[in-house]
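Before any comments, here is the structure.
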Amino acid sequence: MTIAQALWLVRENQPEVRETPLGPLGHGDVLVESLFGAISRGTESLVAAGSVPESEYDSMRAPLQDGEFPFPIKYGYAVVGTAKDGPEALVDRTVFCLYPHQDAFHAPAEMVVPVPAGVPASRAVLAANMETALNGVWDAGILPGDKVAVVGAGLVGLLIAYLAARIPGTEVTVVDVNGDRRGLAEDFGCRFASPEQANDRAGGCDVVIHTSATAAGLATSIALAGFEARIVEMSWYGEGSVKIPLGGRFHSQRLSIVASQVGNVPVQRRARWPFSRRLAAALALLADDRLDKLFSGETDFPDLAQDYCQILADPGTLCHRIRYR
């Protein structure tokens, strides 16, 4: 029997590595030895703090998590590894799986997606975040020539900006309080503005996507939206609430605020896009060396428990990578 090592959250902001026995490989399952993982800072911060609302326990389950909210729980959804056993078509291939932080695991073959040849394993851990960004662009309905603002230059916001800037004729502005994100935005073909600079050009956007998870960011998003424009809210606030400025121009400009959440494919695509197709598309979109700039740090898995909470608390973290081997 193989003994794997997995990161568990046992109490509020208290991680520990636990042994996890792997029994015989089930029919249709794959044995994966992990190479790289990634921490999804926004969601995992809320999970680690025990801030998932009880009403959202089912919807916030990671696909292959163990344990139940709030604690103890094995949570996470970004691992790239080598398939060592299972269906012949997968053995020895580099694969991505929505699995928690663990150095080896069994997973159903249908939940394991081969990584395209042009995407290194170290970058493929961005697949879950790229999938969220892709879903957000679909929900936003961005069209060629649109003027787009992305408010919040975190990992998902920058990936959305990256995708939006590739749509012909778009003019994409990334808005964030952190001026250090300017270089990344410009590398992706976008403009950059502070909230104060953005507000000086208020009211001109066809689409605004909000990812900052702050009331101030949502207010800036409303200010930037043009007449009858769409504001796509991608932030998740956990148990918190947010003040929405619905006075002023919100009604006179006939604005719309819609939610985007990766748990469902937008209805216009749902009949043709199962989750497997969307994830495969997200992986293929990672074939760009510029995306390596989104990694803000790397930790060897044996050190993860002692560093985990510090990584979550660091506002400078974009994507923190885990190295297993």
Side-chain angles (χ1 to χ4, degrees), residues 34-45 76-80 94 96 98 101 113 115-116 118-137 140 148-167 170 172-193 209-213 217 234-236 260 262 278-279 281-301 304 307-308 310-324:
S34 305
L35 295 171
F36 295 96
I39 294 171
S40 182
R41 178 176 172 263
T43 301
E44 291 190 44
S45 295
Y77 44 81
V79 178
V80 174
T94 302
F96 176 89
L98 295 164
H101 309 307
V113 181
V115 175
V119 180
S122 58
R123 190 189 310 143
V125 293
L126 291 170
N129 304 104
M130 180 62 89
E131 189 176 23
T132 300
L134 178 61
N135 216 59
V137 170
V148 180
V150 180
V151 180
L155 179 59
V156 170
L158 286 167
L159 285 171
I160 289 169
Y162 167 81
L163 293 177
R166 297 175 69 181
I167 298 172
T170 54
V172 182
T173 301
V174 175
V175 181
D176 199 89
V177 297
N178 184 354
D180 292 342
R181 302 287 161 84
R182 177 183 297 275
L184 283 168
E186 292 176 348
D187 284 344
F188 293 162
C190 307
R191 300 178 178 182
F192 181 87
I209 301 175
H210 179 230
T211 66
S212 81
M234 297 193 66
S235 304
W236 190 59
S260 178
V262 72
R278 186 182 64 182
L279 182 54
L283 277 162
L285 287 166
L286 294 173
D288 188 332
D289 292 346
R290 292 178 296 170
L291 296 172
D292 287 332
K293 297 176 182 180
L294 294 172
F295 292 103
S296 50
E298 183 175 280
T299 296
D300 292 334
F301 180 67
L304 185 59
D307 295 345
Y308 186 73
Q310 183 178 345
I311 294 166
L312 296 183
D314 184 357
T317 298
L318 279 172
C319 184
H320 195 93
R321 188 162 52 206
I322 304 164
R323 180 183 288 271
Y324 289 94

Judged by modelled atom types alone, do D288 and Y162 share a side-chain donor-acceptor pair under 3.5 Å? yes

Once you round to the nearest 0.5 Å, how far does CG of L291 lie from CG of N129? 11.0 Å

Return the minimal non-hydrogen interatomic distance between I160 and T211, and the atom names on each side. CD1-CG2, 4.1 Å

Rounded at 0.5 Å granularity, tell me how far CE in M234 sits from CD1 in I209. 7.0 Å

On a heavy-atom basis, which atom in T173 and which in A193 lie closest, and how many Å separate them? CG2-CB, 4.0 Å

With a 3.5 Å distance limit and no angle check, can you tell me whether S296 reaches the backbone of L318 through a side-chain donor-acceptor pair? yes

Does this structure show an ion pair linking R123 with D292, if we count only N-O contacts that are shorter than 4.0 Å? yes

Pairwise side-chain contact, R181 with F192, heavy-atom cut-off 4.5 Å (strictly under): yes

If we only count heavy atoms from C-beta on, is the L126 to L155 side-chain gap below 4.5 Å? yes

Minimum heavy-atom distance P116-L283, with the two atoms named: CD-CB, 3.9 Å

Donor-acceptor under 3.5 Å (R321 side chain, A38 main chain): no

State whether the side chain of T43 and the backbone N or O of S40 hold a donor-acceptor pair below 3.5 Å, judged by distance alone. no

If you draw a 6.0 Å radius around CD in E186, do more than 12 non-hydrogen atoms from other residues or ligands fall strictly inside? yes

Could you go through the side chain to side chain donor-acceptor pair (under 3.5 Å) check for H101 and E44 one step at a time? CA-CA 11 Å; H101 309 307; E44 291 190 44; 3.0 Å; yes

Contact between V175 and V150 at the side-chain level, heavy atoms closer than 4.5 Å - yes or no? no

If we only count heavy atoms from C-beta on, is the L98 to F96 side-chain gap below 4.5 Å? yes

State, with a plain yes or no, whether a side-chain heavy atom of L285 is found less than 4.5 Å away from one of L159. no

Quick one, V172 and F188 - any side-chain contact, counting heavy atoms below 4.5 Å? no

Looking only at heavy atoms, which two atoms of A127 and A282 are closest? And how far apart? O-CB, 3.7 Å

Keeping T132 on the side-chain end and A128 on the backbone end, is there a donor-acceptor pair under 3.5 Å? yes

For a 4.5 angstrom cut-off between non-hydrogen side-chain atoms, does R191 reach V174? no

Please check if the side chain of S212 supplies one atom and the backbone of G152 the other of a donor-acceptor pair under 3.5 Å. no

Quick one: does E298's side chain get under 4.5 Å of I322's, heavy atoms only? no

Quick test of your reading of the model: are R182 and D176 salt-bridged, counting only N-O distances below 4.0 Å? no

Please check: side-chain N/O of R41 versus main-chain N/O of L312, any donor-acceptor pairing under 3.5 Å? yes

Taking it one step at a time, do M130 and L163 satisfy side chain to side chain contact (heavy atoms under 4.5 Å, CB included)? CA-CA 9 Å; M130 180 62 89; L163 293 177; 3.8 Å; yes

May I ask you to decide if I311's main-chain N or O and T317's side chain share a donor-acceptor pair within less than 3.5 Å? yes

Between H320 and T299, is a side chain to side chain donor-acceptor pair (under 3.5 Å) present by the stated rule, with each step listed? CA-CA 8 Å; H320 195 93; T299 296; 2.6 Å; yes

Atom of S34, atom of V79 and distance for their closest heavy-atom approach: OG-CG1, 3.4 Å

How many angstroms lie between CZ in F36 and CZ in F301, if you round to the nearest 0.5 Å? 14.5 Å

S235 to A213 - nearest heavy-atom pair and separation: OG-N, 2.8 Å

